[in-house]
Participant: 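Before I ask anything, here is the structure I am working with.
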Amino acid sequence: MNVQSVFYTSLYFVAVLYTFAFVLYGIRAIKGPTTADIIMAVDCLSFDMAAFMVILGIYFRSILLASGAIILALWAYMLDVYYTKYVLYGEVEV
Amino acid sequence: MTVKRDTAVALSFLLAFLVLSYAVVEKDVMGLSKNPLRPLGEFYLGHAFASGELTSHSPEVVTAIVWNYRGFDTLFETFVFFLAIMGTLSVLRLREGQERMVRDMERVEPHRHMDLIVRVITRLVLLMIIGISASIALHGHLTPGGGFQGGSAMAVASLLLFAVFSKFTLERRGLTLRHTLGAYAVGIAIILLTVYAPLALGGRFLQINLLPGELGLFDLDVGEYLAVSFGFLSVFLILGVSEWIFRRILRGEVR
Amino acid sequence: MKPFGRFSAGTFLLVFLTYIFYTGSATGYDVITGTLVALVVSLLVGRWVVEDDRKVFQPRRWLSAIIFFLRYFVVEETRTHVDVAKRVFTLRTRPGIVRIPLDVKSDYARVLVANSITNTPGTVVVDITDDGKYLYVHWIDVSSLDEGEIKRNVVSYFEDYAGRMFD
Amino acid sequence: MQFGVIPVVPLTFAFFLPITAILAGRRRWVINAYVLAATSLVMLFAAFLAVEAYHSGRPLVYSFGGWIAPVGIVFEVDRFSALLVLTTTVGFFLAAIYAVDYLSREHGVEYFFTGVLGLEAGVLGAFMTGDAFNLFVMLEVMGASAYSIVGFYRHRGQSVEGAFKYALSGALATSLYFLGLGFVYSSLGTLNMADISAQFHGVAFPLTVGVFGDPKLAVGIFFALTVAMVLVKSAVFPGHYWLPDAYEGAPVPAAALLSGFVEVVGIYMLARYLFTVFAGPPYSRDLSLVFFTLGTVSSFLGAFMMLVQRNLKRLIAYSTILHMGYLFMALGVMSKLALVAVTYHIINHAIAKTLLFFAAGSYIFATGTADIDELAGVGRSMPLTTAAFAVATLSLVGVPPLNVFFSKMLIFDALLQVSPLIASVVVITSAVAAWAYFRAMVTIWRGRAGAGHGTENEEGPVAYRERPVFLLVMLVLVLAVVFIGLLSPLLVDRFVLPAAGQAMNYGGYIKAVLELAKGVL
Amino acid sequence: MIELHLLILAMVVSFGFVFSYLAMKEHDLLKALALSSVQSTFFALGFYILAAPDIVLAYLAIAVGAYTALVILAISKTERFEVGE
Amino acid sequence: MSAGFLMFYSVLVLFGMMLLGIYGVVTRSNMVKKIIMLNIMGDAINMLFIIIGYRLVYPVFPPVYEGHIPFDEFLRTAVDPVPQALVLTAVVIGMAMNILLSTYAIQIYRLYGTVDVRDVAHLRREGK
């Protein structure tokens, strides 16, 4: 029972927690009475997904796949900006 | 009536689903239960970067397939993208006089910047996106990525720029459709030069192995990067024209 | 147009570091291509991001940034988390929106203050005026309406360090 | 000869057309000369290719990048392909000449011609390719350019709406074909057509050895999905709904190209898969039944809908559905005669239909309307155009000395091998179509213009000019219609029969690639 | 051990199915688009699990970035609510 | 839960999703909605393709050789790169179609004032 195995076992629980979080975000995204709620849920879900990807990358010991997480975080930011601008102004560009 | 039609459609889809699932699960039509490596894939994995006759000088096997072994597909895929963008420009085209009209009308339009926090953060994020997209594109033959991935990442940067500042920020600085189309043509010229060059060296079309080392893959990635990012930019430049302006122009034209 | 007038060493450094960091290796190929990309970008949009290059290369500013972030993540985050957790269980909340004037001058400093406020639990920046002089903050515990008091409770030391880093 | 470059030539020209147009500014002739140079160059290459294909006894193979199949993509051109390639390039050249004049009043023609060159690249690639996935890419190239030229009149709602409908159906259909390729790759382990054929027939091929899962069922599903795709792409009965709308909106040269060359790519694909790759595919009886049923329904639908059309373009569009129905029925026979009939009918239909569209286009260009009632009486002031229109309609109906008669007869013969009942469909629908054409013809030629309609004003009938360029193009096509008709027995013997014979010989098709592959791998 | 991968994959496709069904049923197009971008995000994770980093990079930029922006643009220029049956 | 069961489960759900996409394209009347559903269908098909190339071995590696494992082990554990290359092409093409389709939808709205296919068909029949 060394540190490494404890670490990897704990990652299991982290994965379960993340799945649970996805379910919660999903419920908010489905029920969300206003559009803002849905956008918030999608945003949180995307950023959590990025974090989850990094954790999986540690678990599978592959740094290669972690690059996707950075990209996902950036694109989720763009997604937010677009939704927000549409909801605020009704137009996106101009 | 419509309910009946929908039910019929749904039933036929259920039938299709049952057939497909029977084929896949019961008859194992795709060989999924063991899912072995197909010999073709094994060939690519084994030869893409090993030294020898059939190498492609790239440890990234997908890029090797996309641009070297099956490069012809990708050349035409770039072409599909180009055609789609030209189709878009063709639908949204403006005459010479109309371009001037648009510019006059846009002068009175409000600039809807988003607020300070978003603007400042976006500046930093934009620089990061540009760096990352260049990294994706230029390392296409070493690590995952490639021209198209990098180009679309760059397109997202321009989209962000449009949303957070307005699209006029670019146009005020003198960037118009002419310039983006010119840059697009430069990217495509790089690709075409690279794929035609082997003919001059006495080889087959697209035989980029005749070029020294990894030059072929590098060139193609750079060309695709330029082409895709400026292609997206051209589309969004013209899609960003305000709705009321375009309606007024069209109203003058409908006969 | 003078393209070289727009060159900015700060932008160059930022893009170059991003490039190398994302690539994950620093061979000769990476350095050459990274330099090229960073050069092109900084020639195109240099002054737009970094206004004054001298500020980037002052160790004093970097030092204060390091101290700020250390203190922020270790002390401040813990304190406010504990505070909000207590409030959650005791339900002692007095929510309200307060206006806070900002003294820092540069945009980056203002954004840093605003984001720090949002990132600590219990306070959320709702709006910022267009000239960036005032913040509207939703605060979980509006304990007083005195401007100095609010500022001390919500903005605490952020503004001080932000000024030292960016002004 | 490096014939693999043929589809790349229009591609190259298309890539640089927008920037050339920007540089040329208002000088319209630059764009026109550019397009004509591109199409004539391709035509020249295609002529060389056809000569070479007929002289060599085996299919020609060109490997891109020096990668032989199954590693890379190869072009495999036999006489069947070469014949279609030659026809296509000639058709595109004539259409380009016509379009240069037809669109001389419009702005933004560079985008239109980009689409036309793209369409040419796509069609040529689809005819020449020997790779199943490359065929998918070519279909998309064709699709993307076809949608963009259909939506060229961007201020007309019908045009844009037709393009949307076409694009949506096309994208859906090609996705289905892509899924089918998944089944092929997962069970046969390859994407090259010759290699697929080799795996299917149990011929040893280097590198790709062995099949996975259940190849027979996989090929069956692949065929189901491919036929579903062709139904939409070639506008056969359940998938025909987009075609009249798209043709009504498209500029006339675009509609002519779509009708003559793009629709038949689906038929060509099916012929290639049915007759060459899987010579005698599994479930072929069921497939035949499907072909007969849908082909019959779509011929009847096309013929009867022609009767009620008031719009000239829509009338011709339904005629296209009718002829696609014939081709589809002929595919179901699966004999050599059927393949001869299909090949010959593709060529003849393309020529006659292009002529018909061009003649109709001359009326539309002169009057600015496509409504048959409003066109009443136009024919009298444009006698030469009317003559061309008459030749085209007579040919399409199947009047003996003209070309379509002979291919219809071949289709009739092929269908007669199965059942006289099915063969009679050709006769009945031809008669119905003849009536529809006759009515349109009479209205245009002898009809009295109604009050308020375009062809008559206060001083009497308006005299319309016939444009010399249109007449020149139509003259070439009329000569083609007449001479192909007259020389039919000779042409079928000399060119079409060998083409069909070579296309049916799957052993030769595999061997051409196999020998090259053995040398490298 | 491969089961863990496949378990995550199964989770991803299940979520994807649920969200695409909801996207089909939703009449507010903006909400439908948000739901379908949830589906896209899950699919990105799926591609990641299936060891396809190239696809992840391309797919994320397309499906989460450009496509969503494009459709929001289309919605903002047309109408936001779908007319019911 | 065996590996094979999970694999088949995923494939079946993806088939369902693909058919759902087609159903959406066929039955929804709003053009933008049609575009969204078309994308869902395309995603499902792409995922199916990637699954074809997956391997049931552990550990499984992406088809990129980084030099940290021996070559024969890489050959034993890397996934099939061919479907990935094909899907990459298909993703690009799908995006191209999206651009084209959304532009047409926008233009139709400008001309007809609606993007509902039934209304557009009605207006068209009136000869507008």
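Proteins get letters first, then strands, A, B, ... in listed order; numbering begins at 1 in each.
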Participant: Look at the aromatic rings of E:F19 and E:F42 and report parallel, tilted or perpendicular, splitting at 30° and 60°.
Facilitator: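 The rings of E:F19 and E:F42 lie parallel, inter-plane angle below 30°.
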Participant: Working note: A:D43 + A:S46, criterion side-chain hydrogen bond (donor to acceptor under 3.5 Å, both in side chains); need CA distance, chi angles, decisive distance, verdict.
Facilitator: CA-CA 5 Å; A:D43 166 54; A:S46 311; 5.9 Å; no
Participant: Given heavy-atom pairs under 4.5 angstrom as the criterion, report whether the side chain, backbone, both or neither of E:I75 touches chain A.
Facilitator: both
Participant: Side chain, backbone, both or neither: which part of E:L30 has a heavy atom under 4.5 Å from chain A?
Facilitator: both
Participant: Quick check: closest heavy atoms across E:G16 and E:F43, and the distance to 0.1 Å?
Facilitator: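 The answer is CA-CE1, 4.1 Å.
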Participant: Nearest heavy-atom pair of A:G90 and E:S76: which atoms, and what distance?
Facilitator: O-CB, 3.6 Å
Participant: Shorter than 4.5 Å, heavy atoms on both sides: which option in E:G65, E:A51, E:A52, E:A66 has the most such pairs with chain A?
Facilitator: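 That would be E:G65.
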Participant: Could you look at E:L33 and say if it's the side chain, the backbone, both or neither that has a heavy atom under 4.5 Å from chain A?
Facilitator: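 Both backbone and side chain of E:L33 come within 4.5 Å of chain A.
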Participant: Are A:I30 and A:I27 close enough that some pair of their side-chain heavy atoms sits under 4.5 Å apart?
Facilitator: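 A side-chain contact under 4.5 Å is absent here.
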Participant: Quick one: what part of A:M49 sits under 4.5 Å from any heavy atom of chain E, side chain, backbone, both or neither?
Facilitator: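 Side chain only.
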Participant: Under 4.5 Å from any heavy atom of chain E, what part of A:Y25 do you find: side chain, backbone, both or neither?
Facilitator: neither
Participant: Which answer fits E:L45, side chain, backbone, both or neither, if we ask what part of it has an atom under 4.5 Å from a heavy atom of chain A?
Facilitator: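 Backbone plus side chain of E:L45, per the 4.5 Å heavy-atom cut-off to chain A.
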Participant: Taking all non-hydrogen atoms of both residues, which atom of E:H5 and which atom of E:I49 are closest, and how far apart?
Facilitator: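 Taking every non-hydrogen atom into account, O-CG2, 3.5 Å.
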Participant: With respect to chain E, which residue among A:L74, A:V81, A:L45 yields the maximal number of heavy-atom pairs within a distance under 4.5 Å?
Facilitator: A:L45
Participant: Using a 4.5 angstrom heavy-atom cutoff, name the option from A:I38, A:L56, A:I39, A:V23 with the most pairs to chain E.
Facilitator: A:L56
Participant: With a 4.5 angstrom heavy-atom cut-off, which part of E:V64 approaches chain A: side chain, backbone, both or neither?
Facilitator: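 For E:V64, the contact with chain A is made by backbone and side chain together.
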